[in-house]
Amino acid sequence: MALPDNELSSSPVPGKFLSAGSAALLERTVDYEDGPIAEQDVSMGLAYQVWKAFVNEEGDIWVQPSEGVGRTLISASGEITDVSIAFNQNGDLHCAYVEDGVARLYWYDSSVNSFVTTDLEAGVRTPKITMDEKRPSQQNSSDIILSYIKADNGLYYRQQRDRFQIERPLHPGPFVMIRQMYMNTGWRLQWLLVPGVPIL
Amino acid sequence: MLERIIRTYSWVNPGGVENLRFIVVQVGRTIQIINTTTEPYSAGIIYQETLPSSEDNPRFSFATIGSDLVVAIDEPDLLLYSYEEGVIKKRTGRLKIRDMFGVEDIWNGQDLTEGLGLLVRPTSPTDAHIYNLRNQTWALPAYQTTDRIRTMATGWAVGKFPSNSDNSNYALAPDPAAKSKYSPQTDRFWQASMVQPVGTHRAPMGHFIIDALHRGQSRLAEAAYLRALHGLSYPINDLPFDSTKGGARFVAEYAGRVFYSGFSDIVYGPDSKSPKLSSYVLFSQLVRTPDDAFKCYQDGDPTSKDLPDLLDTDGGFIRLSGASNICAMMNLGKSLMVFAENGVWMISGNGDDGFTANNQMVTKITERGTKYSDTIVTVDGTAMYWSEDGIYHLRQNEYGDWGASSLTEDTIQSFYEDISSEERLYCKGLYDSYDKKVRWVYNNFVGAVGPSKELVFDIQLGAFYPNEIGTVVGGKFPRVCSMVLIPPYRVGKAQEEITYMGEGITYNGEEVTYPSLIPVSGTKEIIYLSAYSFDFGFVDYGFTTYQNIDFRDWPEVDGGVDAEAVLITGYLSGGDASRNKQVPYISFHLERTERGFKDDGTGNLVPEGESSCLVQAQWSWNNSPNNGKWGEPFQAYRYKRLYSPYGPSDNFDNGEAIISTRNKLRGIGKALSLKITSEPYKDLRLVGWSISMDMNSNV
């Protein structure tokens, strides 16, 4: 379980971000995630290669594995300002993004056995998504975590096991944005946050 | 995009704590105060406040007076911060001056403040005239006379209101004939003494102490208070609004006082007496308590019969005739330099004595002014600053006279001219006295694109050289935005052991300690404030220094970018530019930098601290390779003998301190320039080179 008791650890265990999590820390429209050999192919595990998601020249979200062929993940009609990707235990590609100021989650809904796009509440900014545990030994307790800052400048999260339906507060902030959320070298899910009050 | 201004200031000895320094950071309208005893510095924010400002990009000005920080924000309120018992405390204050201007005074179409109008005694009161009279010796009651003006206007002797030249002090005298119980020594107001006018000079003024900026409202308030205090006649209800827009924009400490300048020329509701403050410099009284910092007036009442004198410790104001757009003030030695767009003025004491209210001198030093206030740098009792046409050095000559000379005219003039006005406007300079280098960072504003740039002036060499600090993200971030001085020797936090009878005290097996401040040392004096992003209107910043030994800028951001070193020499023509030359051999001497080996992860040992020196010949003043006059780059840093390490712990000691190589330099031309570059992520320490040059006999 990524967040025991649904809260942050009582004592921070800071460390460096693992693998792909240490890249593109300052870029909101580029995200890297350790992922499988191909979408929906976890035969080589969930950390076989680094996947990159970014906004291409057409303004769409493009995903590109370090080995293999990329594709358009989201065809955008508006301006994309934030991109974050993750794979679930079956290698399904999930994506949190912001289009024309609206935060959205593209995810695999097991209740309908298909991908759906869910709009998040107005005012949500810098959504980040990641699979917390990619080690094979931890597959049963792994979860995709979606985290973001809301209009009240607090930090919130949702998790895959709740089908992203339950929102939980993590920290009242105030925070301007999440710069990164990824596992760290201490095997803790770690947030890199910009503290402060935004000027919106 | 809203340009977020980012500025820094070093607050020395806050709270009187020796060697303690706070960094004051201005980002937009927000200031943050950072305690440098905490590392990283960005975690040491002890105070934050968003200040009021009518501007999108206000430039706040900071000065330290005593142990307090004064901040001018172009608003009527000035801010004074003090550090008391670990807490930042804030006071606000307004600049106060004596009213040495008065108000426009027209009666029956005649100006009562000019020429013969000064002698006119009106038969009816106006608010303006009554105010002027009150401000000019007619404010206070006398013995058995509540209101001297009323006595004049209704009395048997004159029967008219006083003129602006009438000085009621002339009519104050004791009554020696009075019986002792009637205080014969006390001054009375003898109206008969006022019958004859005294001349066409104005009576002394300045009884009222008013707000230097919101003068009209302040005059009304002071006059009403005076009337209520003494039961005076003639209420004053209507005076010109007379209010200067904004407030002081620049503040400096000098001669134990606070100086203020940078006022606007815009006056709301003016009259003919309203001062245009843009060329004024106000100075406070000698600061003994924080409130003194705002008192820009003399203590003694100049309209008083007994204590009209100006004291050395008094405040006041100075007018710099001709100065336009004052942009900075700086304390240099025994003087205060005032930088304006059209020149530099010096305020000082006359002769060898220091500045006082009674001893002041204003001198224009140079016509080379500046509008780039943050480029002004103090360098060992002199100043350097960027002007429109070059970088100037303001200093005393051998006779002690101040003057400004160009540092760029014979050196980097064309380079300087290529720096845009916008880059100059945000440029920030500082002098590292340990390094003996002046550094100016430019292209440093949040909206800039491309690398941040730094122009370095080496005081010892008298040479300029440029630095570029690459960006990682989209050519914009991270970006060096400002600099601040953190002397190598300052105080830091430590935990000191508590002892009893010479023995350390423990609790639950752990030593009991208390936090204390101790001197710590470092090697650099300048640190940089760098912006990492500008999202949601918020600038995310941190503090950075040149310290990476792998020659990477921003290594913590995606591995960083290579900090390439480039040197292009001047043209060597051997004293004869008409004949072709050849360089059969060129020898390079480079410091050896390899200090050991490390395993590259595959079992192979690779040297640590590798150097590389790529050299390219550029012949005959060619500025591109298109003419075939540029040679191929070659490696000048080479080991003559292979070195075989015995293992990862080998320290790579081959006995050589300098790597010297002899190289063929291909090509021919009338002049030779060398381009020497480093390789990515490798060291390069050039000691020197030597050339044997052959010259053709034919022209």
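Residue numbers begin at 1 in each chain, while the letters A, B, ... track the order of the sequences.
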Legend entry - Straight-line distance of A/K16 NZ to B/E556 CD, nearest 0.5 Å: 10.0 Å
Legend entry - Residue selection (most heavy-atom pairs with chain B, distance under 4.5 Å) from A/V194, A/L25, A/L26, A/T81: A/L26
Inset, instruction - Identify which of A/A24, A/G196, A/S22 forms the greatest number of heavy-atom pairs closer than 4.5 Å to chain B. - result: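 Option with the greatest count: A/A24.
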Legend entry - Atom group of A/V197 that falls short of 4.5 Å from chain B, counting heavy atoms: backbone
Inset, instruction - Please report the shortest heavy-atom distance between A/P195 and B/F538, naming the atom on each side. - result: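 For A/P195 and B/F538, the tightest heavy-atom pair comes out as O-CZ, 3.1 Å.
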Inset, instruction - Answer yes or no: are there more than 12 heavy-atom neighbours, outside B/K598 itself, under 6.0 Å from its atom NZ? - result: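 No - once you tally the heavy atoms of other residues, nucleotides and ligands closer than 6.0 Å, there are 12 at most.
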Inset, instruction - In plain terms, say whether B/D540 and A/R179 are close enough for a salt bridge, that is, a side-chain N and a carboxylate O under 4.0 Å apart. - result: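 Salt bridge: yes.
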Inset, instruction - Below 4.5 Å from any heavy atom of chain A, which atoms of B/Q48 appear? Answer side chain, backbone, both or neither. - result: neither
